[in-house]
> 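Have a look at the structure that comes next, please.
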Amino acid sequence: EKKLLTINLIDGKEHEIVKISKEFEIQNPSKSKKSEVNAIIELHDVIFQAPGRYQFKLLIDEEVKGILDINLIKLNTEL
């Protein structure tokens with residue numbers, strides 16, 4: 001069965017920074033097992049405009065399946 005995997009990176013003001021989608025195939029799970037998919041997504045040249053809250057959303061066929069909140073901080077790199 002084909003599914004559409006989408007990862008959205010969203011800033012604290014709900015603006016979408018990155019959207020990556022990829023179609024993949026899974027086998028129909030048995031009733032006693034859940035499907036499991038391991039995926040590696042590369043993010044290139046992503047620019048975080050400011051420190052603050054960001055969120056990764058994982059969607060399967062447009063349905064949110066998981067959310068990861070991160071808090072980006074600015075480090076003082078001066079010695």
Side-chain angles (χ1 to χ4, degrees):
E1 179 178 1
K2 288 189 177 187
K3 298 284 185 179
L4 181 66
L5 168 71
T6 302
I7 304 235
N8 288 343
L9 174 57
I10 300 167
D11 69 12
K13 296 178 182 177
E14 298 295 320
H15 296 122
E16 186 175 271
I17 298 170
V18 174
K19 181 177 184 176
I20 299 171
S21 295
K22 181 168 175 90
E23 197 172 78
F24 65 97
E25 182 115 9
I26 62 167
Q27 294 179 359
N28 289 331
S30 68
K31 291 182 181 179
S32 63
K33 276 183 134 180
K34 288 185 177 181
S35 292
E36 187 174 302
V37 175
N38 293 318
I40 296 173
I41 306 293
E42 293 185 32
L43 299 174
H44 294 281
D45 303 322
V46 175
I47 297 174
F48 293 90
Q49 296 293 332
R53 185 181 142 273
Y54 291 85
Q55 192 174 71
F56 286 95
K57 287 187 181 180
L58 171 70
L59 299 94
I60 303 291
D61 291 337
E62 305 292 326
E63 183 181 335
V64 176
K65 295 293 187 176
I67 296 174
L68 174 66
D69 290 313
I70 62 171
N71 190 29
L72 187 68
I73 60 172
K74 183 176 181 178
L75 296 176
N76 184 358
T77 57
E78 295 180 21
L79 295 177

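Sequence positions, counted from 1, serve as the residue numbers for this chain.
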> Are L43 and I7 joined in one hydrophobic group, where the rule is that I, L, V, M, F, W and Y side chains link up if heavy atoms are under 4.5 Å apart?
yes
> To the nearest 0.5 Å, how far apart are OG1 in T6 and CD in E63?
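Going from the OG1 atom of T6 to the CD atom of E63 covers 12.0 Å.
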> Applying salt bridge (charged side-chain N to carboxylate O under 4.0 Å, His left out) as the test, list every pair that has at least one member in residues 6-23; sequence neighbours left out.
K2-E23
> Same cluster for I67 and L59 if Ile/Leu/Val/Met/Phe/Trp/Tyr side chains link at under 4.5 Å?
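As far as the 4.5 Å side-chain criterion goes, L59 and I67 are connected within one cluster.
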> Taking all non-hydrogen atoms of both residues into account, name the closest pair between V46 and V18 and its distance.
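Taking V46 first and V18 second, the nearest heavy atoms are CG2-CG2, 3.8 Å.
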> Looking at every heavy atom in both F24 and L4, which two are closest together, and how far apart are they?
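What the structure gives for the nearest pair is CE2-C, 4.4 Å.
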> Which heavy-atom pair separates L72 from A50 by the least distance, and what is that distance?
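Shortest heavy-atom contact: CD2-O, 3.8 Å.
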> Could you go through the side-chain contact (heavy atoms from CB on, under 4.5 Å) check for L5 and L58 one step at a time?
CA-CA 7 Å; L5 168 71; L58 171 70; 2.9 Å; yes
> State yes or no: do V64 and F56 share one hydrophobic cluster built from I, L, V, M, F, W and Y residues joined by side-chain heavy-atom distances below 4.5 Å, directly or via other members?
no
> Roughly how far, to the nearest 0.5 Å, is the NZ atom of K3 from the CD atom of E25?
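Nearest 0.5 Å value for the CD-NZ distance: 11.0 Å.
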> Evaluate the criterion side-chain contact (heavy atoms from CB on, under 4.5 Å) for residue pair L68 and I70; output intermediate values, then yes/no.
CA-CA 7 Å; L68 174 66; I70 62 171; 4.3 Å; yes
> Before you tell me yes or no, could you show the steps for I73 and N71 under side-chain contact (heavy atoms from CB on, under 4.5 Å), namely the whole-Å CA-CA distance, both residues' side-chain angles and the distance that decides it to 0.1 Å?
CA-CA 6 Å; I73 60 172; N71 190 29; 4.3 Å; yes
> Quick one: do I17 and I20 end up in the same hydrophobic cluster if we chain Ile, Leu, Val, Met, Phe, Trp and Tyr together by side-chain heavy atoms under 4.5 Å apart?
yes
